[in-house]
Amino acid sequence: MGRTSLTAASPCGATSLRPHHAAFRRLTRVKVRKSRARPGFPCKTSLCESLAFVPGICFDRQCQEAADRVFLTVTLVPLLGLLVAIILRFRPAAADNDQVFDDPATGVYFESPDGTVPERDRKGELAFRPVSFTPWPVEAGTPGERLRIDVGPASETSPRTFIFDRRIVDSDILKVTLPRPMGLVFEEDKAKGQVVVADFVEGSEAEKRNKVAKLNQSWRSVAQVGDVLRACTCTNLVYATRSLLGVKAPVRTIVVYGADNQKWPKVLAALKAGFRSDGEVTLIFERQRS
């Protein structure tokens, strides 16, 4: 049985809706054959170098900078156009009578069979069921507990709706927030394929809040021994298309990790993924009613 104590921050049902994923190949530098301007052609050095595509050898900084600009122009621009064309060409088309939906905030692109409507919240935003790191859209009216969880760029998160069905008879789905380090000891229950709270780290924030809850008889906002972990927030580096090409840096993003039916090492890694500066961790627990 696996058991671990999260005492320090580390760096880092069913639905008929079918999400699509896009794969990107690593872009490699194109080798360019050297060419030269025609002898006697009247032009300045920088113009000749541009017309020559890439100069043979540069002996000064100005020449090298000009060569670099030419190289980036003649390689990245066509590659960007090719990448866009590939995405548009192989973007999955909906089958007959299917509907296609996009969620710009999360990048989810999926299709649903004719007559199937995805659930949206009061703001018109899609509601999700977290499966590992993937937010799956769900059909409108899907049974389950609806919770608002802050996700998005770490610097500007916003609440989105996530749906959790009950897997334990006569249970409650609870949302608990804790700062890093959380001070919870998690354990793998191999027989049931789930992760549970086994203990508290002495002197931790989780233990202190639990003691206060005992005095106030207020248990819904604190973790208890025996709680089943259903999901948690963690930090991921999200690479946009421009990030893959080195034009834009990746963004530290808070996402929801769904722990249902996930392997113990992956759940543990998700629990550890993040810094204290990323804010408090949101934990979703299922608790048997007493």
Side-chain angles (χ1 to χ4, degrees), residues 1-6 13-17 118-119 121 126-151 159-178 182-201 204-207 209-234 255-273 280-290:
M1 176 177 291
R3 181 184 179 109
T4 185
S5 168
L6 297 181
T15 176
S16 58
L17 303 179
E119 178 158 335
D121 59 19
L126 290 170
F128 300 107
R129 171 170 292 151
V131 179
S132 184
F133 288 105
T134 305
W136 283 68
V138 297
E139 187 174 350
T142 297
E145 189 78 16
R146 284 149 176 79
L147 300 175
R148 300 282 281 176
I149 304 175
D150 289 336
V151 294
R160 294 298 296 266
T161 300
F162 290 84
I163 301 176
F164 299 89
D165 60 337
R166 286 178 170 77
R167 298 197 162 195
I168 302 174
V169 178
D170 195 24
S171 64
D172 292 312
I173 305 293
L174 307 172
K175 181 172 77 171
V176 175
T177 58
L178 284 170
M182 293 180 284
L184 294 174
V185 180
F186 289 95
E187 221 172 47
E188 180 189 21
D189 185 344
K190 291 185 177 181
K192 297 181 179 179
Q194 59 191 21
V195 175
V196 299
V197 177
D199 203 353
F200 301 100
V201 175
S204 67
E205 184 64 25
E207 185 189 47
R209 295 186 183 185
N210 191 268
K211 289 180 178 179
V212 172
K214 285 183 179 179
L215 297 175
N216 299 333
Q217 294 297 303
S218 176
W219 298 103
R220 295 188 63 86
S221 61
V222 298
Q224 284 188 312
V225 172
D227 285 351
V228 177
L229 179 68
R230 298 294 305 277
C232 67
T233 56
C234 57
V255 301
V256 176
Y257 179 86
D260 296 343
N261 303 317
Q262 301 302 310
K263 294 182 178 180
W264 167 245
K266 293 184 177 181
V267 176
L268 183 58
L271 286 166
K272 291 181 176 180
E280 291 192 328
V281 180
T282 299
L283 303 156
I284 307 301
F285 293 118
E286 185 168 5
R287 180 182 300 166
Q288 180 78 58
R289 293 171 184 165
S290 55

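Just so we're clear, the structure is a prediction, and the values are computed from it rather than from any experiment.
Counting heavy atoms from C-beta outward, V255 and C234 have side chains that approach closer than 4.5 Å. F200 places a side-chain heavy atom less than 4.5 Å from the side chain of L184. Put simply, the side chain of W136 does not reach to within 4.5 Å of the side chain of P130, judged on heavy atoms. With a 4.5 Å cut-off on side-chain heavy atoms, E119 and R146 count as touching. By the 4.5 Å heavy-atom criterion applied to side chains, Q288 and D170 are counted as neighbours.
Residues I163 and T142 come closest through the heavy atom pair CG2-O, 4.5 Å. Residues L271 and C232 approach most closely at CD2-SG, 3.8 Å, considering heavy atoms. Closest heavy-atom contact between W219 and K214: CH2-CG, 3.0 Å. Residues A231 and G258 approach most closely at CB-CA, 4.2 Å, considering heavy atoms.
In this structure, OG in S171 is found 11.0 Å from CZ in R287, a value given to the nearest 0.5 Å. With rounding to the nearest 0.5 angstrom, the CZ atom of R220 is 13.5 Å from the CZ atom of F285. To the nearest 0.5 angstrom, Q224 atom CD is 8.5 Å from L174 atom CG. Taken from CZ in F162 to CZ in R230, the straight-line distance is 14.0 Å, to the nearest 0.5 Å. Within the model, atoms CZ of R167 and CG of N261 stand 4.5 Å from one another, a figure rounded to the nearest 0.5 Å.
Scanning for salt bridge (Lys or Arg N to Asp or Glu O under 4.0 Å) contacts around D121 gives R148, with sequence neighbours left out. Remark: Y257 pairs with F133 by the ring pair (Phe, Tyr, Trp, His ring centres under 6.0 Å) rule, at least two apart or across chains.
Look at E145 and R166 and you find a salt bridge, because one of the NZ, NE, NH1 or NH2 atoms lies within 4.0 Å of a carboxylate O, short of that distance. Using a 4.0 Å cut-off between charged nitrogen and carboxylate oxygen, R209 and E280 count as a salt-bridge pair.
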Exercise. Do M182 and L283 pass the side-chain contact (heavy atoms from CB on, under 4.5 Å) test, and can you show the C-alpha distance, the side-chain angles, and the key distance before you say yes or no?
Worked result: CA-CA 10 Å; M182 293 180 284; L283 303 156; 3.9 Å; yes
For this session: Applying side-chain contact (heavy atoms from CB on, under 4.5 Å), run through V196 and F186 and close with a yes or a no.
Result: CA-CA 6 Å; V196 299; F186 289 95; over 6 Å; no
Exercise. Are I149 and I284 close enough, and set up right, to give a side-chain contact (heavy atoms from CB on, under 4.5 Å), and what steps lead you there?
Worked result: CA-CA 10 Å; I149 304 175; I284 307 301; 3.9 Å; yes
For this session: Using the side-chain contact (heavy atoms from CB on, under 4.5 Å) rule, take V256 and R160 through it: C-alpha gap first, then chi angles, then the decisive distance, then the call.
Result: CA-CA 10 Å; V256 176; R160 294 298 296 266; over 6 Å; no
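A distance-only check finds a donor-acceptor pair linking the side chain of N210 to the backbone of A223 [under 3.5 Å]. Although no hydrogens or angles enter the test, the distance criterion places no donor-acceptor pair under 3.5 Å between the side chain of E207 and the main chain of E205.
Among the candidates D165, I173, D172, D227, the single residue satisfying the side chain to side chain contact (heavy atoms under 4.5 Å, CB included) test with E286 is I173. R129 pairs in a side chain to side chain contact (heavy atoms under 4.5 Å, CB included) with only one of the listed residues (V138, T134, D260), which is V138.
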